[in-house]
Student: 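What follows is a single structure, and I will ask about it in a moment.
These values consider heavy atoms only, across backbone and side chains, with no hydrogens, waters or symmetry-generated copies.
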Number of protein chains: 2
Amino acid sequence: MAPQNSSAASRVDPLTLEVVELIGTVVARYHEEYEVAAGKHALTGAQARVLGLLSLEPMPMRRIAQKLKCEPSNVTGIVDRLEARGLVERRPDPADRRVKLAAPTEEGLRTARSLRESLDFAREPLAQLSREERLSLRGLLRRMLGEA
Amino acid sequence: MAPQNSSAASRVDPLTLEVVELIGTVVARYHEEYEVAAGKHALTGAQARVLGLLSLEPMPMRRIAQKLKCEPSNVTGIVDRLEARGLVERRPDPADRRVKLAAPTEEGLRTARSLRESLDFAREPLAQLSREERLSLRGLLRRMLGEA
DNA sequence: TATTGTTATACTCTATAACTATA
DNA sequence: TATAGTTATAGAGTATAACAATA
């Protein structure tokens, strides 16, 4: 998602445009780092996302689809590939025999942990900011997202 | 790219983690809006990106690939589809007969413009911030990205 | 009847490798 | 010989529709 440094500035003020562009850059960098981190473990982005999700909490296939905002039919293939690599397994749900719970294996958990650690987006760019600046950034992002 | 609210807090302080999570949310929302905006014009994300790119300046196929950070062979298909829909055309480069310049048609330009306008990511979330806050956010993002 | 997960199908994006036409 | 663009191929993600098992 390259920032498209709008020549159609028409209706938005230059400051806002500049901020949007900066956000676009952040988004692009976030993605690159995510893909690189996933690639280091020979995982695709989607696989890394699912593994990261399951490492927090096993869940039904259906719920994975909701989290990923995609059709449930797609999750079948993604989990198939993770399962083929021994990173995830499907368990029956005692409460509902229609449901299959996807859960990480031991190796899956290790991979997920390592993945999180290699995602140094957490440290590198933010390390340049002081504690006060991070607090300020947190506040601004919260307001932007309407969470505060 | 769902924010993975790290239970592996291990080595990073909670404030940084929280900011990272907020950025993840921004990234996710940015994407959703981009896809929705593209979908309104029956374009895929990649097609919308290329069209947006070309609407700023026609360029050789090779250069599109560099901008998209993908292999040149992929660009052929994306431009094929845009061309089939009459949004883009390939022109010879007078200076080098190996090169094909991809350029938007009139309709392509209109679509690109409309696409940019429906990308209200520029306005909605940022509208919640005062001018001062936007200035502050710009400064923080610049420092984060090492641009300032 | 409704829901969960799967299969089948088709399209797009992606990388790799081999080809062509220029340079 | 090197470069620009293309083709061929294969893998992965995506949506849609239809299906089996279970609720």
Side-chain angles (χ1 to χ4, degrees), chain A residues 1-2 28 31-32 34-36 38-54 58-85 87-103, chain B residues 1-2 28 31-32 34-36 38-54 58-85 87-103:
Chain A
M1 221 103 313
H31 257 105
E32 279 172 48
Y34 201 97
E35 294 293 328
V36 168
K40 279 180 189 160
H41 297 272
L43 294 171
T44 65
Q47 288 164 9
R49 270 192 297 283
V50 169
L51 186 57
L53 215 54
L54 297 181
M59 63 182 74
M61 306 293 284
R62 207 90 189 171
R63 194 128 167 276
I64 300 177
Q66 290 164 349
K67 290 278 190 182
L68 258 63
K69 292 185 212 287
C70 74
E71 293 302 312
S73 60
N74 301 324
V75 178
T76 299
I78 298 172
V79 169
D80 278 352
R81 279 159 224 133
L82 287 170
E83 196 165 31
R85 289 193 38 196
L87 301 175
V88 159
E89 61 184 13
R90 276 178 248 235
R91 302 177 189 155
D93 181 341
D96 186 337
R97 286 193 301 169
R98 290 173 305 180
V99 171
K100 287 179 192 167
L101 293 171
Chain B
M1 219 104 313
H31 258 105
E32 279 172 50
Y34 201 97
E35 293 294 327
V36 168
K40 278 180 189 159
H41 297 272
L43 294 171
T44 65
Q47 287 163 10
R49 271 192 297 282
V50 169
L51 186 57
L53 215 52
L54 298 180
M59 63 182 75
M61 305 295 282
R62 207 89 189 172
R63 192 127 168 276
I64 300 177
Q66 290 164 351
K67 290 278 191 183
L68 258 61
K69 292 185 213 286
C70 75
E71 293 301 312
S73 59
N74 301 325
V75 178
T76 300
I78 299 173
V79 169
D80 278 352
R81 281 159 224 131
L82 286 170
E83 196 166 32
R85 290 194 36 197
L87 301 175
V88 160
E89 62 184 13
R90 276 180 249 233
R91 301 177 189 155
D93 180 341
D96 185 337
R97 285 192 302 169
R98 291 173 304 179
V99 172
K100 287 178 192 167
L101 293 171

Student: Taking all non-hydrogen atoms of both residues into account, name the closest pair between A/V99 and A/P60 and its distance.
Tutor: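 That would be CG1-CB, 3.7 Å.
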Student: Find the distance between CG (A/L101) and CG (A/L54) and round it off to the nearest 0.5 Å.
Tutor: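 Nearest 0.5 Å value for the CG-CG distance: 10.0 Å.
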Student: Between P on C/dA8 and CD on A/E71, what's the gap in Å once rounded to a whole number?
Tutor: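 That distance rounds to 18 Å.
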Student: Of the nucleotides C/dT7, C/dT14, C/dT4, which one has an atom closest to the side chain of A/V99?
Tutor: C/dT4
Student: Does a nitrogen or oxygen in the side chain of B/K100 sit under 4.0 Å from OP1 or OP2 of C/dA21?
Tutor: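 It does not, given that no N or O in the side chain of B/K100 lies less than 4.0 Å from OP1 or OP2 of C/dA21.
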Student: Can you check the B/L101 CG to D/dA4 P distance for me, whole Å?
Tutor: 13 Å
Student: What residues, two or more places apart in sequence or in another chain, satisfy salt bridge (Lys or Arg N to Asp or Glu O under 4.0 Å) together with B/K69?
Tutor: A/E32
Student: Of A/K69 and B/R90, whose nearest nucleotide on DNA chain D comes first from the 5' end?
Tutor: B/R90
Student: Check whether any side-chain heavy atom of B/L68 lies under 4.5 Å from a side-chain heavy atom of B/L53, and answer yes or no.
Tutor: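 Yes, close enough: below the 4.5 Å cut-off.
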Student: So how far off straight is the helix from C/dT1-D/dA23 to C/dA23-D/dT1, going by the axes through five pairs at either end, to 10°?
Tutor: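 Nearest ten degrees gives 10° for this helix.
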Student: Please list, pair by pair, any protein nitrogen or oxygen found under 3.5 Å from a nitrogen or oxygen in nucleotides 11-13 of chain C.
Tutor:
from   : atom 1 : to    : atom 2 : distance (Å)
C/dC13 : OP1    : B/T44 : OG1    : 2.3
C/dC13 : OP2    : B/R81 : NH1    : 2.1

Student: Between atom CD in B/Q66 and atom P in C/dA15, what is the gap in whole Å?
Tutor: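 Going from CD in B/Q66 over to P in C/dA15 covers 14 Å.
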Student: Check the distance between C/dT3's C1' and A/M61's CE and give it to me in whole angstrom.
Tutor: 15 Å
Student: Under 3.5 Å, is there any donor-acceptor pair linking the side chain of B/S73 to the base of C/dT14?
Tutor: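 No, the side chain and the base share no sub-3.5 Å donor-acceptor pair.
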Student: Select one nucleotide: of D/dT16, C/dA15, C/dG5, the one nearest the side-chain heavy atoms of A/R62.
Tutor: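 Among the listed nucleotides, the one closest to the side chain of A/R62 is C/dG5.
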Student: Nearest whole angstrom, please: distance from the P of D/dA4 to the CZ of B/R63.
Tutor: 13 Å
Student: Which heavy atom of B/P72 sits nearest to which heavy atom of B/A65, and what is that distance?
Tutor: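 What the structure gives for the nearest pair is CA-CB, 3.7 Å.
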Student: Send over the distance from B/M59 CE to D/dG5 C1', rounded to a whole Å.
Tutor: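 About 16 Å, once rounded to whole Å.
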Student: Let me know the distance between CG of B/D93 and C1' of D/dT3, rounded to the nearest Å.
Tutor: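 B/D93 atom CG is separated from D/dT3 atom C1' by 13 Å.
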Student: Pairs of donor and acceptor atoms involving the side chains of residues 39-47 of chain B, under 3.5 Å and at least two apart or interchain, shall be tabulated with distances.
Tutor:
from  : atom 1 : to     : atom 2 : distance (Å)
B/H41 : NE2    : B/S114 : OG     : 3.0
B/T44 : OG1    : B/Q47  : N      : 3.2
B/Q47 : OE1    : B/T44  : N      : 3.2

Student: What's the shortest heavy-atom distance between B/C70 and B/V75, and which atoms?
Tutor: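 Here B/C70 and B/V75 meet closest at SG-CG2, 4.2 Å.
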Student: Sugar-phosphate means primed atoms, P, OP1 and OP2; the rest is base. With that split, encode nucleotides 18-23 of chain D 5' to 3' as B, S or - using protein heavy atoms under 4.0 Å.
Tutor: ---BBS
Student: Just distance, no hydrogens or angles: give the donor-acceptor pairs under 3.5 Å from side chains in residues 87-96 of chain A, sequence neighbours left out.
Tutor:
from  : atom 1 : to    : atom 2 : distance (Å)
A/E89 : OE2    : A/R91 : NE     : 3.1
A/E89 : OE2    : A/R91 : NH2    : 3.4
A/R90 : NE     : A/E83 : OE1    : 3.0
A/R90 : NH2    : A/D80 : OD1    : 2.1
A/R90 : NH2    : A/E83 : OE1    : 3.3
A/D93 : OD1    : A/A95 : N      : 2.8
A/D96 : OD1    : A/R98 : N      : 2.9
A/D96 : OD1    : A/R98 : NE     : 3.3
A/D96 : OD2    : A/R98 : NH2    : 3.0

